[in-house]
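Have a look at the structure below before the remarks.
All figures in this text were calculated on a predicted structure; none of them were measured in a lab. If you read the sequence from its start, that first residue is 1, and numbering goes on from there. Ligands are counted one by one from 1 in listed order, and the atoms in each one are counted from 1 as well.
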Amino acid sequence: MILDDSPQAKPEPPALNPIGDALFLDFDGCLVEIAPTPDAIKVPDDLPRVLQDLAARLNGALAIVSGRSLHELETFLKGFDGPMVGSHGAEARGMTAPMAHQPAGLSELQNEMADFASQSGLLYEHKSHGGAVHFRSDPAQQPQVEAFAQALAQRFGDFAVQPAKMAVELRPAGFSKDGALAALSNLPEFSARRPVYAGDDTTDEPALAWAEAQGGFGVKIGKGDSVARFRLDAPSRLRDWLAAGLES
Ligand SMILES: [Mg+2]
């Protein structure tokens, strides 16, 4: 018997069950590898078709759930027509958009973030419902970026800080990926199925926990501790697992 008490040791997930599973997938770092900048990701040519075919096998129970804007998701995954949730749950396609009102001060907040990033020599990422400052190019600036974001969230009450990989994001308060999964699960295609969620980041942990708590399971993509029971080492391994689901 091999004993491995590393907190990172987790088995690979069981095969997808097309009859009984509902599949929820994060995008960056999960379906596609993280790139030096958000625009530089490479989407494999066949990914939208694999998602489309898998969604058909699952009778429509496949959704993308991401912190990206819906517009970016639609551009990157052109050819996949299924439900998508963007901006951590603040905008959606294929279901009623959960956004009740535009958060107050959006453009002022975005201007301040862009100014801060430019003064710090860091990348500002514009999002339809917020923004992000990336410190991948200069990780030593993380504490200053976090302090700036916290101060901003104090002043703009409709926004909350969302830590991400090598970035700090401001997004509308009151939305979350686990909330998005709960809303999607009320749709007829998803209800009465076992939720399976795959994600790579700290922002995914509540959604991974939600899937586990509902009798399904979570799949952590890549390194790092997680509440998920299962792990795949890289986005390419997840894509292999999805492709295998087409043949099972
Ligand atoms: Mg991700």
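- Enclosure of atom NE2 in His126 by more than 12 non-hydrogen atoms of other residues, nucleotides or ligands within 6.0 angstrom is indicated.
- Remark: Lys127 does not engage Glu91 in a salt bridge, criterion side-chain N to carboxylate O under 4.0 Å.
- The aromatic rings of Trp241 and Phe217 stand perpendicular to each other, their planes meeting at an angle above 60°, with 30° marking the opposite boundary.
- For Asp200, the N, O or S atom with the smallest separation from the Mg ion (ligand 1) is OD1.
- Taking 4.0 Å as the cut-off between side-chain N and carboxylate O, Asp53 and Arg57 do not count as a salt-bridged pair.
- Closest N/O/S atom of Asp26 to the Mg ion (ligand 1): OD2.
- Atom O is the N, O or S atom of Asp28 at the shortest distance from the Mg ion (ligand 1).
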